[in-house]
Amino acid sequence: MDRFVQRLKRPTLKVPEGDSSHQENLEASPKAKKRRVEEVKDSDDDDDDDSSCTGTCDDAVDYTSPRTSEPGERPEDTKDFESDDDQPRGPIHQIALESSLPVISNKEAIDEYEAMRASQIAESSQKSGKAKGDASSRIESCQWVRGKSSIYVDAFNLALDTVLEDEAHLFNEKEKEVFEQWSALSYEAQYLYVRLFLRKTASWHRIQRLGYYNDISDVDVAVASLMELRDLPEGEPVDACRQNLSSESQDWSLGATFTFADESHSHIKTIEEAASLLSLDELKALAKEAKVQGKNKPDLLKAFCRASTRQIGLMALGLRRSSTNGSTDSDTGHSRDPSPEKQDSNRNSHFLAKILEITGPLIRLSEPVFKLFERVHLVFYRSTEWTEKSLTTIILAKISRRNFPEYLVCRSSNIFASRKHLLEFEHSIRQEFEVDKVLEFNGPPGEEGFEKVVRIFKAISARWRELLRDEQHREDNVYEYGEGGYLRRFNAAHAYTRIAHKTTHVLGRLHRYKEEHELLVELLSQRLFHPGRRGSWYQRKALLEERYMWEADPQLVSHNPDVRKKHWQRIAAATCETALEDRDCHLVYHYDLQKRLIKLERRLKIPRRLQHDFDHVKLRHPEEHTVEGVQLVREDADVKTTAGRGPSTKTVWLDELGERGEDGAPMHVSVEEMCLSYYRKQGWKGYHSEGGILRTLFAYLFFDVLFVYIPNVFQTAFQTCPLDLHTDSFYPTRASEINHRLVEIANGKAEAILREVHQRERDRRTCVVGLNWDFDIDDLAELVDCFDGSALAAICKVMAQDYKSRGGGVPDLVLWRRTEAPGNREGGSKGEVMFSEVKSANDKLSDTQRLWIHVLTGARIRVALCNAAAKEIRTIG
């Protein structure tokens, strides 16, 4: 793999307490309380953006969320593109395989695993007669076992063995020889390599600082083994599979020899690279000798390298130092000064040797072998983004004493039909990453950056269209049972389609509206890739037709501007109608499209009887509630934390209406808890769960749909959800099953489904994505009973269409109350449900929160904005 592979930071896990099952997005399990209706705190911050930014749908500009600007209108229409960070950043999220496995505490589980492996190896050694019975042998054996029981090496080898067993055809003979040489390495060498593999790409590491002494008895021996020069069989100098691809499709290859790691003295040749390895204090000492100054490390590095470059340049011009008596060397005599080139070389060699003396021996993983193993992990994890946690999750899931749903495991070996397809996929995501670097990672791209994106798209556009035709042919003639939905994510056209999507944004910024419109038409003409984006494409297309195309299209309908405007407004109205009829246009886009369609029909003066009427889904404004309470402020609230950040924005309040503490005094609670107590006094029951309770209801109601057989989405026996749940292929692949379940929910069968699944799975506490077994089943049954069936179905449909993006932004409080006695209903709901978003001073609604408010009010569900006001502020110690 190449440098475009994004290495993510190691996530901080929030582990469920007790025996609670997996929570989506690392959600914490609720703590048991005495109240029957307890508060459940969800770990997701409702003020954060939704977690939809992934390797396959991580866009810098999200057009799906309601906002103040007009739907379909991008930031380029009103302001310049801005970025918060000039440094490239990968999105922090879980890969598909990782997110489908249960959350496990890494530290305790790793210790348990390594203890188990140590026991197994010791027992195996005794049975084979390798272990002596004397004390010294037992001690020696124990030390050796400690060095052969790392979960990291086992996980790394599990990935390699699995790939070679099922998909060895993706690798050539030289690469297979590298794998053979890897298997022959000692455990300690493998352990060192794997630990460095999990660090930064192509970085030098000081050998003396490596550590790992618990697992590596002799670091020098392990390092020497990795640096040993090894032979490879002869092969084609250029991979034949790459001849049809771009010349930049792969910038690495294996030669006649290779090493697993590079050593510093033969690879570090420049002052710039060497100086960057020094710490600030080390660099200051060296800068003092070179007589350069700087305020910080970057300044010192620049000054040091600049001074070296300047002095080399003067010597190259023939300027030489005069002797102490002011005379120059004799023309006829032999010069005692070295030549300029030699003097330059001596100076560079002096500082280079000085730096390497300070750092000591260094090690860096060899780039070709590193990228080869990156490719192995791409094939194994079906993702270019993985973490240290990804490497161990499967093994930890295997040893966890948990129950998983019953489903048919199908690890397909046809994700990549051939080596050529794998290399082309790598090339496509490399091009995708180049686009992301321009638009997302390096600040405002400017016109030059936009033009670069357009050039990238033009270079791949012909191949993109060819791949679209090929995939449509396979969809029509080859694929069965929906197997193509998930496989398409590993087609180069998937990345190319996302590049095309990004290019529409760029063309809009460049005011090339005609080209943007043509590309949007082309994107909408295909239904196989990124179907979840169709709503945003329709929105943008309709806006262009309404505002810009009358002027941008040179094919004039009339010389009269008003006639041209009306012509394109009619086309925009037709676009909105088509979008609302499109089964792949998600429900969250419907409100904006309906609003635009009504506006266009009024402008076109269409007769009232022929206009569309959307009053049945007309949004209502959220109710405004105000709750007064006593806010508690600490005396040191303004003091910054040790990390240099300001204090938490979470406020503490006195719960005057809730249960009392052991001393009889009101408890100190969060603002949401205080408001929940207020609603309880009004006769409501409820939870503070944000999205947790909706995810639990979805897991109950769609349990059977989640684990219906779909090829390729169940790769292990330890998954809590199908791999495509967090993708836009989940809904269209199961459209029949999902729509059937939505009809059942709308007809009032939600409670029966809920209780059936609970009765069947409760004793096993089956691990299912989002399902929190700590919610009381009677409370959940009462809640769904108070929902209007069609309203609950609308919520479930939104989650099924985009489960990943809709996890955030749900209002803080879920409240319900009965309005009639159970059993007396002949239709409709037995009560009412209300969602309440709690806001204290200076809080604002995020885009994801506005979207959920639109969804809920559109489904005729009450939504309240609960403003917490401090009637008194008390200072506490």
Side-chain angles (χ1 to χ4, degrees), residues 37 39 41-42 44-50 65-69 71 588 591-592 595 614-632 649-658 669-691 693-694 783 786-788 791 794-795 798 806 808-819 829 831-873:
V37 181
E39 177 191 2
K41 178 64 178 176
D42 192 88
D44 292 338
D45 187 354
D46 61 346
D47 290 329
D48 291 339
D49 291 338
D50 58 48
S65 302
R67 55 193 182 279
T68 54
S69 58
V588 295
Y591 171 69
D592 292 335
K595 189 169 64 173
F614 300 110
D615 285 343
H616 61 291
V617 291
K618 187 175 181 180
L619 299 184
R620 295 176 296 178
H621 291 291
E623 305 172 16
E624 292 279 350
H625 298 167
T626 300
V627 178
E628 294 185 343
V630 178
Q631 184 177 355
L632 305 177
T649 57
K650 294 291 184 181
T651 55
V652 180
W653 298 72
L654 206 61
D655 191 7
E656 298 177 300
L657 301 177
V669 297
S670 66
V671 64
E672 293 88 359
E673 292 172 342
M674 183 195 69
C675 294
L676 185 59
S677 295
Y678 165 81
Y679 284 116
R680 286 199 181 104
K681 288 296 181 181
Q682 307 298 318
W684 294 90
K685 295 181 179 180
Y687 287 97
H688 169 213
S689 65
E690 299 171 3
I693 196 166
L694 290 187
L783 171 58
C786 290
F787 265 110
D788 181 77
I795 293 175
V798 168
R806 305 307 160 224
V810 180
D812 298 299
L813 307 180
V814 180
L815 308 162
W816 72 92
R817 62 183 176 190
R818 287 192 178 274
T819 56
S829 62
E832 60 178 334
V833 177
M834 180 171 65
F835 288 78
S836 180
E837 177 63 37
V838 178
K839 292 297 178 186
S840 53
N842 301 323
D843 279 351
K844 295 181 179 180
L845 291 174
S846 67
D847 286 344
T848 54
Q849 290 170 339
R850 291 192 186 94
L851 185 146
W852 265 110
I853 290 174
H854 284 195
V855 170
L856 295 171
T857 56
R860 298 293 180 178
I861 299 173
R862 289 181 63 184
V863 179
L865 294 181
C866 184
N867 300 306
K871 64 181 180 182
E872 180 184 350
I873 298 179

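Hydrogens, waters and symmetry mates play no part in the numbers below; they use all other heavy atoms, side chains included.
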*Can you tell me how far the OH atom of Y591 sits from the OG1 atom of T857, to the nearest 0.5 Å?*
8.0 Å
*asked:* Among C675, S677, S670, exactly one meets side chain to side chain contact (heavy atoms under 4.5 Å, CB included) together with E673. Which residue is that?
replied: S670
_Separation between CG of D812 and CD of E837, rounded to the nearest 0.5 Å_ = 4.0 Å
*Report yes if the side chains of V588 and R806 come closer than 4.5 Å at any heavy-atom pair, otherwise no.*
yes
*For the residue pair L657 and R680, establish whether any side-chain heavy-atom pair is separated by less than 4.5 Å.*
no
*Can you tell me how far the CD atom of Q849 sits from the NE2 atom of H854, to the nearest 0.5 Å?*
12.0 Å
*How far does CZ of R817 sit from CD of E832, to the nearest 0.5 angstrom?*
4.5 Å
*asked:* Counting C-beta onward and ignoring hydrogens, is there a side-chain heavy-atom pair between M674 and V838 closer than 4.5 Å?
replied: no
_Donor-acceptor pair between H625 and Y679 side chains, under 3.5 angstrom_ = yes
*At their closest point, which heavy atom of C786 faces which heavy atom of W816, and how far apart are they?*
SG-CD1, 3.9 Å
_If I compare all heavy atoms of L676 with all of G686, which pair ends up nearest, and what's the gap?_
CD1-C, 4.0 Å
*For residues L845 and K839, report the shortest heavy-atom separation together with the two atoms involved.*
CD2-CE, 3.7 Å
_Nearest heavy-atom neighbours spanning Q631 and A870_ = OE1-CB, 3.7 Å
*CZ on F835 to CG on L865, rounded to 0.5 Å*: 14.0 Å
*asked:* So which atom in M834 and which in A864 form the shortest heavy-atom distance, rounded to 0.1 Å?
replied: SD-CB, 4.1 Å
*Compare all side-chain heavy atoms of L694 with those of W852 and state whether any distance is below 4.5 angstrom.*
yes
*Which atom pair, heavy atoms only, marks the closest approach of C866 to V627?*
SG-CG2, 3.4 Å
*Starting at CG of L783, measure out to CD1 of I693 and round the result to the nearest 0.5 Å.*
5.0 Å
